[in-house]
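None of the values given here were measured: they were computed from a predicted structure. Hydrogens, waters and symmetry mates are skipped; everything else that's a heavy atom, side chains included, is used.
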Amino acid sequence: MKSPLLTLPGAVPAEGVDEGVAAHYGDLFREQRALADGTGFVDLSHRGVVTVTGEDRLTWLHLLLTQHVSDLPAGQATEALILSANGHIEHALYLVDDGETVWAHVEPGTQDALIAYLESMKFFYKVEVADRTADIAVVYLPAGSIAEVPQGVAVRETPYGRDLFLPRADLEAYAGQAGPPAGILAHEALRVEQHRPRLGFETDHRTIPHELGWIGSAVHLQKGCYRGQETVARVQNLGKPPRRLVFLHLDGSEVHLPVAGTELRLADDGPDGRKIGFITTSVRHHELGPVALALVKRNVAVDAPLVAGDTAAAQEVVVEP
């Protein structure tokens, strides 16, 4: 779904998964600095929006999600995963309950598969699941923003900012009063700085929550059964995940930024060394320079110098080995 905000001055369309919104509006670093200072907004209207209504909505979702939501207070933001039977991550939901409706936004294009799964699990529960992507747009306001939130709009407030579930018909009018627009690349740069994983970027078909630091923030260890719980409990109590998320400081003298999928090797092993991981997201940050998130084998020493292709990289621990 193409955002009407792509007609704003300087808007350059994003590509790939984030197609449909602006990558930037002409000045990537200015846009990052504005968000870091608590001004402006990001158009996330390409993300899927799913709602769950009905008196059983929270108790029912509690059975399906990795997060404890049966007693979720109205207005309290949380995030949750849906796992496969083997404990691999299939969906990531960013949700809030407004007292009558659970609102969730998800990665672009994943809402159909998510809804199909939820519908298959309704059984006798009094719940209704709806795809609201066509009429609701997600807008991000950075932490510290004093931009007005329209009355009646569901809001997820987190330490990183606020997600607004705004009627899509109001998107252009709201953009005119919410401050300078920032593109998805600025949003991604701050996400990487904050070490926050993203489904489809930091995940692949075999990713488990422990590898990305999602235990606690998206996975509650003291709740009842859900699909994939056996894997979560086994790794938590008896072992370690095979990989771990790291933050990388990349050599700023390189012209080209290593793209997602670039293989990582130990610097001491040279270009023919064995692969020990790969870049998941790389960005140019307005203060830190070129940085990235990556997955590496758990047993890689935390202080080992790495190379991403031909680019030197220094690790910063996100998930303990």
Side-chain angles (χ1 to χ4, degrees), residues 35 38-45 47-82 91-107 110-111 114-115 118 125-171 173-175 177-179 187 190-191 194 196-199 214-224 226:
L35 293 181
T39 60
F41 72 96
V42 181
D43 174 14
L44 299 179
S45 62
R47 291 184 65 81
V49 176
V50 177
T51 58
V52 182
T53 55
E55 61 185 86
D56 294 337
R57 65 189 182 281
L58 290 176
T59 54
W60 175 68
L61 285 171
H62 185 79
L63 300 173
L64 306 178
L65 305 180
T66 57
Q67 187 59 273
H68 196 301
V69 296
S70 60
D71 301 314
L72 185 67
Q76 180 174 308
T78 191
E79 56 189 59
L81 309 175
I82 290 178
H91 294 282
L93 295 79
Y94 301 85
L95 54 90
V96 67
D97 183 80
D98 67 4
E100 296 181 352
T101 302
V102 172
W103 297 82
H105 65 80
V106 299
E107 288 299 324
T110 65
Q111 64 268 23
L114 171 62
I115 290 172
L118 294 177
Y125 289 94
K126 297 176 181 178
V127 294
E128 293 296 330
V129 181
D131 182 354
R132 301 295 303 277
T133 309
D135 65 300
I136 298 294
V138 179
V139 173
Y140 167 80
L141 299 178
S145 171
I146 60 172
E148 182 179 351
V149 176
Q151 187 173 4
V153 169
V155 179
R156 286 186 73 251
E157 186 154 4
T158 76
Y160 307 107
R162 288 174 289 173
D163 299 330
L164 278 55
F165 293 88
L166 187 74
R168 192 172 288 274
D170 298 341
L171 181 57
Y174 186 73
Q177 65 185 48
H187 188 266
L190 299 188
R191 177 182 72 83
Q194 295 155 354
R196 293 188 291 127
R198 183 177 172 188
L199 183 78
W214 255 330
I215 300 298
S217 63
V219 179
H220 196 287
L221 295 176
Q222 306 301 321
K223 60 161 290 185
Y226 54 87

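- In this structure L221 satisfies the side-chain contact (heavy atoms from CB on, under 4.5 Å) test together with I215, V219, V232, Q236, sequence neighbours excluded.
- Considering every non-hydrogen atom in both V42 and L35, the closest pair reads CG2-CD1, 3.7 Å.
- Between F41 and G179 the shortest heavy-atom distance is CE2-O, 3.3 Å.
- In summary, of the residues considered (V52, L61, L58), a side chain to side chain contact (heavy atoms under 4.5 Å, CB included) with D97 occurs for L58 alone.
- Looking at heavy atoms from C-beta onward, V129 lies in side-chain contact with W60 at the 4.5 angstrom threshold.
- In this structure a side-chain-to-backbone donor-acceptor pair under 3.5 Å is present from D98 to T101.
- Closest of all the heavy-atom pairs between P197 and Y94 is O-OH, 4.0 Å.
- By the salt bridge (charged side-chain N to carboxylate O under 4.0 Å, His left out) test, E100 is found to be paired with no residue, residues two or more places apart in sequence or in another chain being considered.
- One finds the CG atom of D163 at 10.0 Å from the CD atom of E157 (value rounded to the nearest 0.5 Å).
- Among residues two or more places apart in sequence or in another chain, the salt bridge (charged side-chain N to carboxylate O under 4.0 Å, His left out) test is passed with R191 by E188, E202.
- The CG atom of L141 sits 5.0 Å away from the CG atom of L164 when rounded to the nearest 0.5 Å.
- Considering CD of Q194 and OG1 of T158, their distance stands at 8.5 Å, rounded to 0.5 Å.
- For D131, there are no salt bridge (charged side-chain N to carboxylate O under 4.0 Å, His left out) partners two or more places apart in sequence or in a different chain.
- To the nearest 0.5 Å, atoms OG1 (T66) and OH (Y226) are separated by 6.0 Å.
- For the residue pair I136 and V49, the shortest heavy atom distance occurs at O-CG2, 3.8 Å.
- Applying the ring-ring contact (aromatic ring centres under 6.0 Å, His included) rule to pairs touching residues 141-171 yields W103-F165, H105-F165, sequence neighbours excluded.
- Every side-chain hydrogen bond (donor to acceptor under 3.5 Å, both in side chains) that W214 has, sequence neighbours left out, goes to E79.
- Take R132 and apply the salt bridge (charged side-chain N to carboxylate O under 4.0 Å, His left out) test, not counting sequence neighbours, and it matches D135.
- A side-chain donor-acceptor contact under 3.5 Å links K223 to the backbone of L65.
- Applying the side-chain contact (heavy atoms from CB on, under 4.5 Å) criterion to E128, with sequence neighbours excluded, gives T53, K122.
- Distance check: T110 OG1 to I115 CD1 gives 9.0 Å after rounding to the nearest 0.5 Å.
- Closest approach of G40 and P142 over heavy atoms only: O-CD, 3.2 Å.
- Taking E148 as the reference, nothing meets the side-chain hydrogen bond (donor to acceptor under 3.5 Å, both in side chains) condition, with sequence neighbours excluded.
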Q: Would you sort out whether T133 and R168 count as a side chain to side chain contact (heavy atoms under 4.5 Å, CB included), showing the intermediate values?
A: CA-CA 9 Å; T133 309; R168 192 172 288 274; 4.2 Å; yes
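- Residues meeting the side-chain hydrogen bond (donor to acceptor under 3.5 Å, both in side chains) test with E107, sequence neighbours left out: R47, R198.
- Distance check: Q67 CD to T78 OG1 gives 3.5 Å after rounding to the nearest 0.5 Å.
- Using a 4.5 Å heavy-atom cutoff, the side chains of H68 and Q222 are not in contact.
- A104 pairs by the side-chain contact (heavy atoms from CB on, under 4.5 Å) definition with L93, L95, not counting sequence neighbours.
- For the side-chain hydrogen bond (donor to acceptor under 3.5 Å, both in side chains) test, residues two or more places apart in sequence or in another chain that qualify with S45 are D43.
- A74 approaches G99 most closely through the heavy-atom pair CB-N, 3.8 Å.
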